[in-house]
Amino acid sequence: MSNIQEAMALVNELYKGHAIKQKGGKMYLQVVHRVEAFRRTLGAEFGIDTQIIVDDGHRVVVKAVVTNKDGITVGSGMAEEIRGQGHVNTTSALENAETSAIGRALASLGLSGGEYASANEMDAVPRKAHNIEQNQAAAVEKKDPPSQASPAPSEPTAELTQEELDKKHDKSVYLDMQSQLRQMKHVNNVHTLFDRMKPKIQEIKKRNPEAAQHIVKLFLDAEQSLTKGEN
């Protein structure tokens, strides 16, 4: 448990310099920084896995679980987003829900961003419920839903552009891979992780080839370093 406590302490330190102001004035430490603290203190012994629970074309529900080295779940979190509601969820509802679910899973371990609920203190719940009702009514009436004001996404990024969101996501992946690779002692582990991350790297490459190249270089450097050590 001492490692968890170290992670909590590091999150508190990052909060002081990296927390952003939400609507209402409260401060929030984004998931990318909490994942960084998680990996820096817990390394590759703990894992974060996500699962799509619902994706029916209207809403997306994602569950994230944190597991220890024995594969036992030690933390979890869920998040829901409504497709097409707001700039972010028009193109990235799944990614948005995944990030929020990871944030809530980390919060269940004590690695919170200032508030346990990452959806601007859950004030987005009434808006999401309203949006679901509108989608259902539109399906019945076979009419286009009326335009709505953009609801606050689960991760407080209402003021960020899609390009900025993508950059934060890519940086989070980079930092996660960097931390995991530093913990590895065998080349085979590097290859296994790379095979698992191929779809994600390809996704990043489509919109940002340079970011994908940096991530691939992490694997190449780790492979080269470990190969030298084994010879």
Side-chain angles (χ1 to χ4, degrees), residues 30-36 38-40 42-67 71 77-106 118 153-155 157 160-227:
Q30 292 180 293
V31 174
V32 60
H33 299 299
R34 287 187 279 150
V35 170
E36 177 185 356
F38 178 84
R39 288 301 180 193
R40 283 172 60 182
L42 299 173
E45 290 188 0
F46 281 58
I48 303 175
D49 294 313
T50 57
Q51 178 184 3
I52 301 173
I53 305 299
V54 177
D55 188 357
D56 59 9
H58 294 299
R59 66 190 184 108
V60 178
V61 179
V62 176
K63 180 178 182 180
V65 297
V66 181
T67 55
M78 296 184 70
E80 178 185 42
E81 291 298 336
I82 309 303
R83 286 192 178 278
Q85 297 298 330
H87 174 69
V88 176
N89 287 337
T90 298
T91 59
S92 305
L94 180 58
E95 293 88 339
N96 196 25
E98 181 184 47
T99 299
S100 182
I102 291 173
R104 289 181 60 78
L106 292 176
S118 62
S154 296
E155 178 72 2
T157 51
L160 298 181
T161 65
Q162 185 62 46
E163 182 179 359
E164 291 170 327
L165 284 172
D166 289 339
K167 285 182 179 179
K168 285 183 176 294
H169 172 270
D170 297 347
K171 181 180 179 181
S172 176
V173 173
Y174 179 90
L175 292 173
D176 191 18
M177 293 302 98
Q178 183 182 58
S179 180
Q180 291 194 55
L181 289 168
R182 284 176 177 172
Q183 306 296 321
M184 292 183 177
K185 302 184 184 300
H186 302 287
V187 174
N188 288 340
N189 293 337
V190 176
H191 295 164
T192 299
L193 180 59
F194 182 75
D195 288 340
R196 181 163 62 86
M197 291 301 299
K198 271 185 179 179
K200 178 67 70 175
I201 295 173
Q202 289 297 325
E203 174 191 322
I204 294 173
K205 185 178 180 180
K206 289 179 181 179
R207 64 171 181 270
N208 191 340
E210 185 177 356
Q213 185 177 1
H214 288 318
I215 295 172
V216 171
K217 188 175 185 302
L218 287 176
F219 284 92
L220 294 175
D221 290 345
E223 180 184 46
Q224 184 179 10
S225 177
L226 290 173
T227 300

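All of these numbers come straight from a predicted model, not from anything done at the bench.
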*Backbone N or O of Asn188 within a donor-acceptor pair of the Thr192 side chain at under 3.5 Å?*
yes
*Which heavy atom in His58 sits nearest to a heavy atom in Asp56, and how many Å separate them?*
N-OD1, 2.9 Å
*If every non-hydrogen atom of Met177 is compared with every non-hydrogen atom of Leu218, which pair is closest and at what distance?*
CB-CD1, 4.2 Å
*Kindly check if the number of other-residue, nucleotide or ligand heavy atoms within 6.0 Å of CD (Gln213) is above 12?*
no
*Are Glu163 and Arg207 side-chain neighbours, meaning at least one heavy-atom pair lies under 4.5 Å?*
no
*Does any non-hydrogen side-chain atom of Glu98 lie less than 4.5 Å from one of Ile102?*
yes
*asked:* Looking at every non-hydrogen atom in both residues, tell me the closest pair between Leu94 and Arg83 and how far apart they are.
replied: CB-NH2, 4.2 Å
_Spatial distance of atom CG (Asp176) from atom NZ (Lys200) [nearest 0.5 Å]_ = 10.5 Å
*Nearest-0.5 Å distance that lies between atom CG in Leu181 and atom CG in Asp221*: 9.5 Å
*Could you check Leu175, Ile215, Asn208 and say which one makes a side-chain contact (heavy atoms from CB on, under 4.5 Å) with Asp170?*
Asn208
*From Met78 CE over to Gln51 CD, what is the distance, rounded to the nearest 0.5 angstrom?*
8.5 Å
_Nearest heavy atoms of Leu193 and Met184, plus distance in Å_ = CD2-CE, 3.5 Å
*asked:* Rounded to the nearest 0.5 Å, what separates atom NE2 in His33 from atom NZ in Lys171?
replied: 6.0 Å
*Nearest 0.5 Å, what's the NZ-CG distance between Lys168 and Leu165?*
8.5 Å
_Considering all heavy atoms, the nearest Ala97-Ala79 contact_ = O-CB, 3.4 Å
*Do Asp166 and Glu95 come within less than 4.5 Å of each other through their side chains, counting heavy atoms only?*
no
_Steps toward side-chain contact (heavy atoms from CB on, under 4.5 Å) verdict (Met197, Val173)_ = CA-CA 10 Å; Met197 291 301 299; Val173 173; 4.0 Å; yes
*Taking side chain as C-beta onward, heavy atoms only, is Lys198 less than 4.5 Å from Phe194?*
yes
_Please find the pair of heavy atoms, one from Ala101 and one from Val62, that lie closest to each other, and give the distance._
CB-O, 3.5 Å
*Under a 4.5 Å cut-off applied to non-hydrogen side-chain atoms, are Arg39 and Gln180 in contact?*
yes
*So, do Arg59 and Val61 sit near enough that their side-chain heavy atoms are less than 4.5 Å apart?*
yes
_To the nearest 0.5 Å, what is the distance between CG on Leu106 and CZ on Arg104?_
11.5 Å
